[in-house]
Amino acid sequence: MGLLAYLKTQFVLQLLLGFVFVVSGLIINFIQLLTCVLWPLNKQLYRRINTRLSYSLWSQLVMLLEWWSGTECTLYTDQATVERFGKEHVIIILNHNYEIDFLCGWTMCERYGVLGSSKVLAKHELLKVPLIGWTWYFLEIVFCKRKWEEDRDTVFRGLDRLKDYPEFMWFLLYCEGTRFTEKKHQISMEVAEGKGLPKLKYHLLPRTKGFTTTLKCLKGTVSAVYDVTLNFKDHQVPTLLGIINGKKYLADMRIRRFPVEEIPEDEKECANWLHKLYQEKDALQEHYHKEGTFPGPTITPPRRLWTLLNFLFWATLLLSPLINFACGVVVSGSPLLILGFSLFLIIASIAIRRLIGVTEIKKTGSSYGDEGAKKQN
């Protein structure tokens, strides 16, 4: 292990990274709160400002993936599709198998200029998560409880508001509803069998309501659906903790573009189209497991300096006073100050660990197995 690789595994450095992310996030959230006065005066200006504020926060996580861990993302797609990236409103369908799948999606958003304006259909519980949920609230992210009777009006209103969004957005959907685990897969395939649907080997049965509703509400705004199938070289199982420890992963993403005109408008036919899409995704994953690659030409878009420069700005702004204060505490020799600062570090480390826990597969909830959930689709 080289010196740099060793330093990346040290708790003190990781704590400083977390400190920069949390404190800068709180500052950004406060500025976002102040921008609310712009909404009744100039809604589009409010949106443009918050797009850039959210970029300043999310790009710190992308920096961890691209510059701290050195993870590489290779796209399997054609040049004609790549040339449209960042130049149209689209819906992204991504498989939900890994703790860092959202980060791989975000790094592609960043490289094509739509990270700040990226959207997602998010679980309502995330609204209560500091930094993440708060930032999403100011970005007009649509939160749902995954109970259609309660979500119907909220989802329709939220999606309708996005029709006049001033910047190109990529709207991410995890149609499986939750991350893949063997237990969830077993229950999901029991549901598939009961509905007479083909079984999937590498995915959960997609929940069609979110997709059909999003496509219907954003008709005339989105011009295409990008199907993204993600996997990792050498059977790697990436984690956010691995990224923080500086571990490098090799991500492969098969991207297919479907113009909305090719997708049926009828809700039932649209749902069938989505089921067929997941059968194709399953076949792509089978190919990957056998061959170690996806079919098609490859493109590796270069990482941009903006994420690194943004992090260095916040680190310079926030770490200098923190380090000066810590030195002052040590020099003072005051047991009370030293104890107080130690408690601050402990609380900060716990808070950061809890934020990381949001991404962990073993801690992600699922309503698979609930009778009520089975009736949703």
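All heavy atoms count here, side chains included; hydrogens, waters and symmetry mates do not. Residue indices begin at 1 and follow the sequence shown.
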Has the side chain of Gln285 got a donor or acceptor atom that lies under 3.5 Å from a matching backbone atom of Lys281?
no
Least distance between heavy atoms, Cys270 atom then Ile263 atom:
SG-CG2, 4.0 Å
Ring centroids only, cut at 6.0 angstrom: are Phe258 and Trp273 within range, meaning strictly under it?
yes
Tyr55-Glu110 side chain donor-acceptor pair, cut-off 3.5 Å:
yes
Quick one: sort the Phe232 and Tyr98 rings into parallel, tilted or perpendicular, breaks at 30° and 60°.
perpendicular
Any salt bridge between Glu280 and Arg254, counting N to O under 4.0 Å?
no
Does a salt bridge link Arg207 with Glu176, judged by any charged N lying under 4.0 Å from a carboxylate O?
no
Please tell me whether Lys119 and Tyr165 have a donor and an acceptor in their side chains that are separated by less than 3.5 angstrom.
yes
Would you say Tyr278 and Asn95 are linked by a side-chain donor-acceptor pair, where the criterion is simply a distance under 3.5 Å?
no
Determine, for Lys216 against Asp266, whether the closest basic-nitrogen to carboxylate-oxygen distance falls under 4.0 angstrom.
no
Centroid separation Trp134 to Phe138 less than 6.0 Å:
no
When you check the side-chain N and O atoms of Asp252 and Tyr288, is any donor under 3.5 Å from an acceptor?
yes
Can you confirm whether the side chains of Thr239 and Glu99 place a donor and an acceptor under 3.5 Å from each other?
no
Apply side chain to side chain contact (heavy atoms under 4.5 Å, CB included) to the pair Leu322 and Phe19, showing each step before the final yes or no.
CA-CA 10 Å; Leu322 176 68; Phe19 173 81; 3.7 Å; yes
Under a plain distance cut-off of 3.5 Å, with no hydrogens placed, do Thr9 and Asn245 share a side-chain donor-acceptor pair?
no
Taking the six-membered ring for Trp, are His185 and Phe180 ring centroids under 6.0 Å apart?
yes
Taking atom types as modelled, is there a side-chain donor on Thr135 or Trp58 under 3.5 Å from an acceptor on the other?
no
Other residues, nucleotides and ligands only: do more than 12 of their heavy atoms fall within 6.0 Å of CD on Gln279?
yes
Using 30° and 60° as the class limits, which term best fits the ring planes of Phe85 and Tyr226: parallel, tilted or perpendicular?
tilted
Can a donor-acceptor pair be found, under 3.5 Å and without considering hydrogens, that links the side chain of Ser118 to the backbone of Trp170?
no
